[in-house]
2 protein chains.
Amino acid sequence: MSQIKLVIVDDHDVVRKGIKTYLMTEDEIEVVGEASSGDEGADLVLKEKPDVVLMDLIMDNGTGIEATERIVDQLPDCKVIILTSYYDDEKVFPALEAGAFSYMLKTSSADEIAEAVKKAVNGENVIEPKVAGKMMTRMRSPEKQLHEDLTQRELEVLICIGNGLTNTEISEKLFIGIKTVKTHVSHVLHKLEVQDRTQAAVYAHQKGLMK
Amino acid sequence: MSQIKLVIVDDHDVVRKGIKTYLMTEDEIEVVGEASSGDEGADLVLKEKPDVVLMDLIMDNGTGIEATERIVDQLPDCKVIILTSYYDDEKVFPALEAGAFSYMLKTSSADEIAEAVKKAVNGENVIEPKVAGKMMTRMRSPEKQLHEDLTQRELEVLICIGNGLTNTEISEKLFIGIKTVKTHVSHVLHKLEVQDRTQAAVYAHQKGLMK
DNA sequence: TATGCTCTCAGTCTATAGTCTGAGATATAA
DNA sequence: TTATATCTCAGACTATAGACTGAGAGCATA
């Protein structure tokens, strides 16, 4: 089989260099490009058409999630392996839903990463145990993200609450009446299954909905 | 001058490998040990007595902050360089206060990191521009952490607020009257310079006071 | 002893939050 | 067309939050 063409997208220079240097000892793998941001990475991948992409999630210009979506959409055969430090729900599931093929943590050894790359081209997924555990629990109890039920407007209101705005301030910011704000707030509280706006604010922060 | 002895503490295998492999090309630097957790790292450093330590902040067993404190306390001549992905206030200032010598981000190039190591042994600090900016703003307006003014009890109340508890619930949890809770809450709001409990909850979460 | 800080609590008052019911307008899908 | 969902707003009501003043007890320190 011919060499596996790989692109590395990570804003950490040492990570890129580390993987690249290590993979130089792997004959089957050839690093055909590197990028340090999501946007740049997606562009590069669409140009180079590699077999596998190692993708970080948190980067300056364009997240790995967005880049993964673009890549999977344009190049369905290209396997995107998420390689990141995070394994919380807010990062894992959006990445998998975006079409990531494997999900590795940076605590993995270089060997494991090389192995995951090889397996990817053979159609084998590699999911970190910690991440796999989260997937299992989600499978067992399809624990719906409550905020998925929120309408666009309700989500806007929730973000305002999360920023500590009062109803009056929200009404001024969104150019709607206080009565309307109260209606939205009530709906938000019910949908999130919380008792008051403070708990809603906590929810928004804990679920990473802020910013 | 003799070789610079370096220890790398980072739970990311690829980062350790990346730095190590790169530094092999640097004659002046010798990597005398690696560790993947704060506790292990501090032990290793106290044993090996290197000139410089590259230290990650977020790790499984023992944070880089604690490890840095131990190292600086025991080996004052050992320069600890923080090398991490974070540059928010909650991470930067505790690290500097713990005695970190330099503060680098993983987005730095391998060359910059090698340079920082060499500078450290010569007594030159290297502070990432983003981090330096934060230090400058703190210098200009010695922006006191408002919650430092809170009494023990007030901090407890704030944590409760941050968990979304109502005054009644707080009074039950802390075994005090509602009136007392209201007094504490009022004091908390004033000291944090916020208008209501929701903003206080947001503050607690943003400043990393929860948990 | 005097001073100051903390924690506790009361009373009073106002402002804000939140519930519930009802309803009109619009857009979209069956 | 009918149904469904969203966004908008009103009125009436209750509950909670928060401000302000005052005060006693305990504790540590100058």
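Proteins come first, then strands; the chains are lettered A, B, ... in the order of their sequence lines, and each starts at number 1.
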**Study point:** Phosphate-side-chain proximity, B:N167 and D:dT16, N/O vs OP1/OP2 below 4.0 Å
**Key:** no
Study note, to complete from the structure: Taken to the nearest whole Å, CD/A:E154 to C1'/D:dT8 is 13 Å
Exercise for review: Indicate yes or no: does A:E34 engage A:K20 in a salt bridge with an N to O separation below 4.0 Å.
Suggested key: yes
Exercise for review: Starting at atom CD of A:E169, determine the distance to atom C1' of C:dT16, rounded to an integer number of angstrom.
Suggested key: 12 Å
Practice item. Using whole Å, report how far NZ of B:K182 lies from C1' of D:dA15. Key: 10 Å
Review point. Below 3.5 Å, does any donor atom in the side chain of B:T180 face an acceptor in the base of C:dC7, or the other way round?
Key: no
Point to revise | Distance, rounded to the nearest Å, where B:R197 contributes CZ and C:dG18 contributes P | key: 10 Å
Review point. Going by atom types only, do A:H12 and A:K17 share a side-chain donor-acceptor pair under 3.5 Å?
Key: no
Exercise for review: Whole angstrom is fine here: how far is it from NZ in A:K179 over to P in C:dG24?
Suggested key: 18 Å
Revision key, fill the gap. Contacts of B:L174 and A:L165 projected onto DNA chain C by closest heavy atom; the upstream (5') one is B:L174
**Study point:** NZ/NE/NH1/NH2 to OD/OE distance under 4.0 Å, A:R16 and A:D13
**Key:** yes
Point to revise | Length of the CG-P vector between A:L155 and D:dT6, whole Å | key: 13 Å
Review point. B:E128 and B:S108: side-chain donor and acceptor closer than 3.5 Å?
Key: yes
Point to revise | base_contact_polar (C:dC9 base, B:T183 side chain, donor-acceptor, <3.5 Å) | key: yes
Check your understanding: Rounded to the nearest Å, what distance is computed from the NZ atom of residue A:K191 to the P atom of nucleotide D:dA5?
Key -> 10 Å
Review point. Between the side chain of B:D10 and the main-chain N/O of B:V15, is any donor-acceptor distance below 3.5 Å?
Key: no
Review point. Over how many whole Å does the gap from A:Q152 atom CD to D:dT6 atom C1' extend?
Key: 12 Å
Practice item. Look at the side-chain N and O atoms of A:H184 and state whether any lies under 4.0 Å from the OP1 or OP2 oxygen of D:dT8. Key: yes
Practice item. Check whether any side-chain nitrogen or oxygen of B:S186 sits under 4.0 Å from OP1 or OP2 of D:dA19, and answer yes or no. Key: yes
